[in-house]
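First listed ligand is number 1; within each ligand, the first listed atom is number 1. Remember, it's a predicted structure, so these values are computed and weren't measured experimentally. Numbers for residues simply follow the sequence, beginning at 1.
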Amino acid sequence: MARSILLRRANAIFHHDAAPKQPLRREALGRLPALSAGYLLIEDGRIAAYGPDAEAPERADLIIDAQDRLVLPCWCDSHTHIVYAASREGEFIDRLHGLTYEEIAERGGGILNSARKLQEASEDALYEQAFHRLYEVIRFGTGAIEIKSGYGLTVESELKMLRVIRRLRETAPIPVRATFLGAHAIPKAYKSDRQGYLNLIKQEMLPRIHDQGLADYIDVFCDQGFFTPEETADLLEAGDRYGLKAKIHVNELANSGGVQVGVTHNALSVDHLERIGEDEIGLLSTSKTIGTLLPSCAFFLNIPYAPGRALIDTGAAVALATDYNPGSTPSGKMSLVLSLACIKMRLTPEEAVNAATLNGAFAMELDEDYGSITVGKRAHLIVTRPVPSLAFLPYAFGSDHIAKVVLGNEVIDVTG
Ligand code: NIG
Ligand code: FE
């Protein structure tokens with residue numbers, strides 16, 4: 001482990017000289033200054049300086065030649081479900097034969113399928129699998145992550161999931177934020193007693209999660225066939241009493257009022273937004289709530305993409321994330337998210353990078369230390385292979401572009 005690391009002769013270093021204090025919106029989202037032929041110095045895991053290569057310091061414990069390469073902040077993936085017990089490619093085949101995500105869920109598949117498997121899995125086995133996924137995405141360039149519970153759906157299993165997330169947080173080389181998603185689906189045992197399950201969340205789960213300090217945020221799957229806006233409001237108010245801010249799933253399956261309930265309850269983010277109209281776009285543009293877009297979910301489920309271009313042009317703060325989970329997005333690859341954001345949502349490469357880094361960091365309240373190349377922030381950086389430009393990254397959507405991932409004092413060689 002080197003105490004000082006010097007990157008030399010980088011083709012471009014994408015930086016923000018002053019750390020933005022709010023998520024980037026409108027034109028600011030498209031501004032990502034590039035320093036060409038630059039050096040960047042890391043000391044004790046933080047960005048100590050950058051500038052023209054001619055002014056680079058002479059010595060460092062480790063010197064990396066970044067000629068022809070780009071240097072970017074690591075991705076900040078603010079929406080994932082990487083703790084799960086089994087993949088669900090059987091349902092993928094069912095969808096190829098014509099069933100919809102909702103029809104599979106109604107038959108007891110989907111989230112309930114994952115819950116059955118997770119309830120049977122040991123805590124150690126869940127940790128091993130999730131640890132493997134975490135290192136997979138770190139090698140894809142992710143340098144900060146949020147992970148949700150929501151496949152437990154019983155008091156014991158939700159706590160088990162959150163303990164796995166805590167263990168990941170304690171062992172991972174990147175920051176991990178934990179979100180409690182007990183309201184992911186109504187479990188089978190409560191099918192005819194919805195209120196009973198809501199009470200279980202409020203009276204049994206939340207107090208214990210709070211006592212054990214297991215979550216940073218509360219989430220609800222506020223959508224058709226899952227939880228209503230009224231139920232969501234009730235749960236967010238309960239979460240608020242335990243100091244948990246909201247980051248909620250809305251408008252993936254239908255335009256059913258999720259954006260409104262999120263904004264009213266000062267949600268940090270409302271995520272998905274595949275089914276929204278002018279009213280929801282207008283509401284987000286005047287609110288502090290971040291709209292988190294998950295284009296690899298829309299791709300995999302073959303549903304409409306969220307209107308990313310309209311959201312940005314109207315003034316909403318948008319972030320990009322993967323939604324890595326076994327049902328709707330079995331992929332944690334942020335580079336694919338970037339390509340889809342450009343190709344399907346018409347973001348520029350600069351907008352997509354800022355939405356996937358800085359605005360993602362804001363959507364996890366990690367912006368003080370992560371999300372941009374700014375002096376003083378933690379040096380979580382991507383060094384690309386030799387590539388001609390920033391636009392080449394989303395453009396060449398099938399290639400692997402990352403050579404190294406720098407996490408403070410540690411350098412992971414991804415492709416050499
Ligand atoms: O974000 N929409 C709700 N939750 C996940 C999918 C969960 C699952 O299918 O297992 C999502 O798409
Ligand atoms: Fe999700």
Side-chain angles (χ1 to χ4, degrees), residues 77-92 94-95 99-119 126 129-130 133 137 145-153 157-158 161 165 177-187 217-227 232 235 246-256 258-259 262 267-275 290-306 319-332 337 340 360 363-364:
D77 190 352
S78 62
H79 182 137
T80 81
H81 311 244
I82 63 167
V83 179
Y84 57 85
S87 57
R88 300 206 319 246
E89 62 273 29
E91 294 175 7
F92 169 61
D94 292 342
R95 283 197 300 106
L99 284 185
T100 65
Y101 182 83
E102 292 94 313
E103 285 164 345
I104 291 168
E106 276 157 24
R107 293 175 179 205
I111 295 164
L112 296 185
N113 177 359
S114 282
R116 270 192 305 276
K117 302 223 170 84
L118 187 133
Q119 286 161 9
L126 288 171
Q129 283 201 46
R133 289 182 199 112
V137 302
I145 196 166
E146 181 255 19
I147 310 174
K148 298 173 192 298
S149 71
Y151 291 130
L153 309 185
S157 292
E158 281 298 307
M161 273 192 93
I165 299 172
R177 301 294 257 169
T179 300
F180 167 54
L181 175 54
H184 201 185
I186 298 281
Y217 303 112
I218 184 167
D219 192 348
V220 178
F221 188 7
C222 179
D223 220 318
Q224 186 173 281
F226 290 85
F227 292 86
T232 304
L235 290 167
K247 282 172 74 63
I248 61 175
H249 282 75
V250 303
N251 299 62
E252 175 185 358
L253 307 173
N255 190 348
S256 51
V259 173
L268 182 57
S269 68
V270 286
D271 304 22
H272 274 288
L273 308 179
E274 286 89 354
R275 324 266 181 176
I290 295 169
T292 298
L293 314 179
L294 309 166
S296 50
C297 173
F299 169 72
F300 186 73
L301 291 186
N302 213 4
I303 60 175
Y305 287 82
L320 288 168
T322 62
D323 198 14
Y324 193 178
N325 76 75
S328 74
T329 324
S331 161
V337 167
L340 292 171
M364 297 184 275

Using a 4.5 Å cut-off on heavy atoms from C-beta on, say whether the side chain of [Y] contacts that of [X].
{"X": "F226", "Y": "I111", "answer": "yes"}
{"X": "I104", "Y": "R95", "answer": "yes"}
{"X": "L153", "Y": "L112", "answer": "yes"}
{"X": "L181", "Y": "H81", "answer": "yes"}
{"X": "D223", "Y": "R275", "answer": "no"}

In ligand 1, which numbered atoms sit nearer than 4.0 Å to a non-hydrogen atom of [X]?
{"X": "H249", "answer": "1 (O), 2 (N), 3 (C), 4 (N), 11 (C)"}
{"X": "H79", "answer": "1 (O)"}
{"X": "N325", "answer": "5 (C), 6 (C), 7 (C), 8 (C), 9 (O), 10 (O), 11 (C), 12 (O)"}

Return yes when at least one N/O/S atom of C297 is nearer than 2.8 Å to the Fe ion (ligand 2), and no when none is.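 No, C297 does not qualify, because none of its backbone or side-chain N, O or S atoms lies under 2.8 Å.
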Is the Fe ion (ligand 2) less than 2.8 Å from at least one N/O/S atom of H249?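 Of the N, O and S atoms in H249, at least one lies under 2.8 Å from the Fe ion (ligand 2), which means yes.
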Could you identify the single nearest non-hydrogen protein atom to [atom] and state the distance to 0.1 Å?
{"atom": "atom 12 (O) of ligand 1", "answer": "S328 OG, 2.5 Å"}
{"atom": "atom 2 (N) of ligand 1", "answer": "E252 OE1, 2.6 Å"}
{"atom": "atom 10 (O) of ligand 1", "answer": "Y151 OH, 2.6 Å"}
{"atom": "atom 11 (C) of ligand 1", "answer": "D323 OD2, 3.1 Å"}
{"atom": "atom 6 (C) of ligand 1", "answer": "Y101 OH, 3.3 Å"}
{"atom": "atom 4 (N) of ligand 1", "answer": "H184 NE2, 2.8 Å"}

Once you measure the plane-to-plane angle for H79 and H272, does it fall in the parallel (<30°), tilted (30-60°) or perpendicular (>60°) bin?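 Perpendicular: the ring planes of H79 and H272 meet at over 60°.
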Ligand 1-proximal atoms of F226, by part, heavy-atom distance under 4.0 Å: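 Neither part.
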Please test Q224 against S256 for side chain to side chain donor-acceptor pair (under 3.5 Å), starting from the C-alpha separation and ending with a verdict. CA-CA 7 Å; Q224 186 173 281; S256 51; over 6 Å; no
For D323, what is the atom name of its N, O or S atom nearest to the Fe ion (ligand 2)?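 Nearest N/O/S atom of D323: OD1.
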Looking only at N, O or S atoms, which one in H81 sits nearest to the Fe ion (ligand 2)?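 Output for this pair reads NE2.
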Intermediate values then yes/no, side chain to side chain contact (heavy atoms under 4.5 Å, CB included), L294 and E252: CA-CA 10 Å; L294 309 166; E252 175 185 358; over 6 Å; no
Candidates H184, K117, R116, Q119 - the one meeting side-chain contact (heavy atoms from CB on, under 4.5 Å) with Y151: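 By the side-chain contact (heavy atoms from CB on, under 4.5 Å) criterion, Y151 pairs with just one of H184, K117, R116, Q119: H184.
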For ligand 1, which is the ligand I care about here, please tell me if H272 has any N or O atom under 3.5 Å from one of the ligand's N or O atoms.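 There is such a contact, yes.
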Is E102 atom CD crowded by more than 12 heavy atoms from other residues, nucleotides or ligands, each under 6.0 Å away?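 Enclosed.
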